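These notes are about the structure you will find just below.
What you see is a predicted model; the values in this text were computed from it and never measured. Heads up: numbering here begins at 1 and tracks the sequence.
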Amino acid sequence: MATPVVTKTAWKLQEIVAHASNVSSLVLGKGSGRLLATGGDDCRVNLWSINKPNCIMSLTGHTSPVESVRLNTPEELIVAGSQSGSIRVWDLEAAKILRTLVGHKANICSLDFHPYGEFVASGSQDTNIKLWDIRRKGCVFRYRGHSQAVRCLRFSPDGKWLASAADDHTVKLWDLTAGKMMSEFPGHTGPVNVVEFHPNEYLLASGSSDRTIRFWDLEKFQVVSCIEGEPGPVRSVLFNPDGCCLYSGCQDSLRVYGWEPERCFDVVLVNWGKVADLAICNDQLIGVAFSQSNVSSYVVDLTRVTRTGAVAQDPVQDSRPLAQQPPPPSAPLRRIYERPSTTCSKPQRVKQNSESERRSPSSEDDRDERESRAEIQNAEDYNEIFQPKNSISRTPPRRSEPFPAPPEDDMATAKEAAKPSPAMDTQLPVPNLEVLPWPQVVTSTPAPKAEPAIIPATRNEPIGLKASDFLPAVKIPQQTELVDEDAMSQIRKGHDTMCVVLTSRHKNLDSVRAVWTTGDIKSSLTGALFAQTSVDSAVAINDLSVVVDLLNIVNQKASLWKLDLCTTVLPQIEKLLQSKYESYVQTGCTSLKLILQRFLPLITDILAAPPSVGVDISREERLHKCRLCYKQLKSISGLVRSKSGLSGRHGSAFRELHLLMASLD
């Protein structure tokens, strides 16, 4: 009988370079959990299919960075708000701009679609909340009451209420029909980042930068419970579809909470950093996070997560997916939302309206349509996701398959993943699940332990160094005890060499510091590059470690960079990009990105300019430097192109650099 393979509870799915510049916002489609929309500083909105590397569609038209994006429930419309306060709505099936909504005086911080009507709510840094009618392209109502930026908006499941969270530490509930505030929920001591309605009951959850989650009763308008002790600011929460628990995306972990009484059912370690949005599909929770221009997606297998107060099934006893036991049937504690009934005669989408109603006769709409484009970049994925909805299907839609879980890396990793977070309050118990050990593999020859191609920057021990490496080999198994003198002599063998290396590096840094105090950055860097060394052969004439230390300082202040500095640094960057040390590669990528952003347009313009009349020595010197930089950048572009196919953080950095260097090809 085959030994069952232990799979991971949480794993990283993929990492993509989502924009040419920094990502400023993103959202997951809650209907499918498979559609991702990202907004960037490049003023674009890009659409992605989870676990696929290529962009499906790129939406243009905004003239300032996109600060907020939101998909409607059927994932047919998308709305995006920009830093300038403008809002644009696109029809994804028709692949065109639908509406441009203008009225806010500051950047858009939050957006949400009404669950049934053709309305969009927007919250801005101007403290106002506006309700827009997409069909008529107008503001229906403005809600005033917050004193600081409105960070999150959510419509209630029945579409009658709107909840808002703001930096003024308050949560407010608005009655859409009456057009006024129903209740205000004070209690948070920091900015409130997120609110979420319970899918069935009159219950609201709010998460704040004060590291608490509060649950509010929407019948009695009072707090139900408060969960404290979150490891960081609460930015993303999501109720389970059946309402049995609340998921909180914390720093590098997922926490599962109940609220009556407040308790923690489970903690799952996920290395996703600051997760930005959550969605659930096929008993899997999808989490997405972004850093600079990269977006990473993660998966948590919810069948392996405890979601109620019942004891979780032990995976050692049964290798099959853990079936979540439904809670015992009982009457709900609170009133349940009454959702309006929908009929076929009522148009539920803007797309079903007539063309005359869909388009405004004003010339402003025509101008918006010319300025805004939906560029389909992957026709195959676009047709698969959006086009089938246009035709009537006589068979039920095919349900997306869950993402396959990879096997555990090793026993230690599995045990570590099962441990509760040290930041967890002792009053919130976490089940400790054991993991089935890997089967023993018998081999005739021991497998050699290869040194990693890239040495991680966060590694806390030297490569290949263990205590046993410094001790004499023991040939007889019984003789396990060693004399202290022998052990110390083995340890001291490399001590003198290491001291010489560190002393040399300290001397080089002192030399660089002495030149730096004169204020000549270029001379300082030149001194670092050509510092002579008389110690171990491992330290070459060009001391890259000192170069890295200095570049890490210069990279923090872009104004220090000059064109002549680029001519000195670029050859060293080429060496850093080929280094086996992760920290060296990261520093090289950061420096190259700064050079490309600040100087590549200048270099190309000067080289393309016609020759001047007469003698201009300064211009000739500048032209010579530009030619030298261009030649060095061309040399580096081949290296960047060859490494852009790598996976993980390095591949993402090289792909971003490859995009920035596209003009060199």
Side-chain angles (χ1 to χ4, degrees), residues 15-24 38 40-44 46 55 58 60 65 290-295 521-522 525-526 528-529 544 547-579 581-609 621-646 648-665:
E15 183 175 355
I16 58 174
V17 179
H19 290 266
S21 58
N22 289 340
V23 177
S24 51
T38 61
D41 288 350
D42 56 4
C43 310
R44 285 176 173 261
N46 293 338
C55 177
S58 185
T60 64
F290 64 91
S291 175
Q292 296 181 346
S293 62
N294 299 337
V295 173
I521 307 298
K522 183 176 185 299
L525 187 61
T526 306
L529 298 178
L544 284 181
V547 175
V548 169
D549 290 339
L550 192 59
L551 285 179
N552 285 333
I553 298 173
V554 178
N555 289 341
Q556 296 179 13
K557 192 171 183 180
S559 60
L560 294 175
W561 286 90
K562 306 296 180 184
L563 192 59
D564 54 350
L565 184 62
C566 297
T567 61
T568 306
V569 170
L570 283 171
Q572 303 305 315
I573 289 178
E574 188 170 5
K575 296 178 183 179
L576 294 178
L577 297 182
Q578 300 177 73
S579 173
Y581 297 104
E582 183 184 34
S583 59
Y584 286 21
V585 178
Q586 290 175 352
T587 301
C589 289
T590 302
S591 299
L592 182 57
K593 182 178 177 180
L594 282 170
I595 292 175
L596 292 172
Q597 290 177 336
R598 289 180 61 87
F599 295 102
L600 184 57
L602 173 66
I603 292 172
T604 54
D605 289 346
I606 291 178
L607 294 179
E621 290 179 351
R622 189 164 58 250
L623 181 62
H624 174 71
K625 294 173 185 176
C626 289
R627 285 173 178 167
L628 187 58
C629 289
Y630 186 82
K631 181 179 178 181
Q632 293 168 343
L633 288 173
K634 285 287 289 184
S635 174
I636 296 175
S637 65
L639 175 63
V640 171
R641 188 186 307 109
S642 65
K643 291 182 176 289
S644 61
L646 297 176
R649 180 166 51 179
H650 283 310
S652 301
F654 281 113
R655 282 190 290 274
E656 182 181 3
L657 292 174
H658 183 53
L659 291 174
L660 293 173
M661 303 179 81
S663 59
L664 294 173
D665 297 334

Using the rule given for side-chain contact (heavy atoms from CB on, under 4.5 Å), can you reason through L594 versus S591, listing the C-alpha separation, both sets of side-chain angles and the distance that settles it, and then say yes or no?
CA-CA 5 Å; L594 282 170; S591 299; 5.7 Å; no
Would you find a donor on one side and an acceptor on the other, under 3.5 Å apart, between the side chain of S21 and the backbone of D42?
yes
Would a 4.5 Å heavy-atom cut-off, applied to side chains only, mark L607 and Y630 as touching?
yes
Output for pair (I636 CD1, M661 CE), nearest 0.5 Å, gives 6.0 Å
Before you tell me yes or no, could you show the steps for L633 and I603 under side-chain contact (heavy atoms from CB on, under 4.5 Å), namely the whole-Å CA-CA distance, both residues' side-chain angles and the distance that decides it to 0.1 Å?
CA-CA 11 Å; L633 288 173; I603 292 172; 4.3 Å; yes
Separation of K625 NZ from L565 CG (nearest 0.5 Å):
10.5 Å
I need the H658 NE2 to R655 CZ distance, nearest 0.5 Å.
10.5 Å
Rounded to the nearest 0.5 Å, what separates atom SG in C629 from atom CG in L570?
5.5 Å
How about R627 and L623: do any of their side-chain heavy atoms sit closer than 4.5 Å?
yes
Would a distance-only check, ignoring hydrogens and angles, find a side-chain to backbone donor-acceptor pair under 3.5 Å from S579 to L576?
no
With sequence neighbours left out, the residues meeting salt bridge (Lys or Arg N to Asp or Glu O under 4.0 Å) with K593 are E656
Side chains of L577 and L592: does their closest heavy-atom pair fall under 4.5 Å?
yes
For K643 against F654, the heavy-atom pair lying closest together
CD-CZ, 3.4 Å
Looking at every heavy atom in both S58 and N46, which two are closest together, and how far apart are they?
OG-OD1, 2.7 Å
Could you pull out the closest heavy-atom pair between N22 and S293, with the gap in Å?
OD1-N, 4.0 Å
Give the C-alpha distance, both sets of side-chain angles, the deciding distance and a yes or no for side-chain contact (heavy atoms from CB on, under 4.5 Å) between D41 and H19.
CA-CA 8 Å; D41 288 350; H19 290 266; over 6 Å; no
Between L628 and Q632, does a side-chain contact (heavy atoms from CB on, under 4.5 Å) hold up when you go through it step by step?
CA-CA 6 Å; L628 187 58; Q632 293 168 343; 3.9 Å; yes
Do I573 and I595 come within less than 4.5 Å of each other through their side chains, counting heavy atoms only?
yes
Nearest heavy atoms of I606 and C626, plus distance in Å
CD1-SG, 3.6 Å
Rounded to the nearest 0.5 Å, what's the gap from OG1 on T567 to NE2 on H624? Could you check?
8.0 Å
When you measure from the side chain of Q578 to the backbone of E574, do you find a donor-acceptor pair of N or O atoms at a distance under 3.5 Å?
yes
Could you please spell out the steps behind the side chain to side chain donor-acceptor pair (under 3.5 Å) verdict for N552 and T587?
CA-CA 7 Å; N552 285 333; T587 301; 2.9 Å; yes
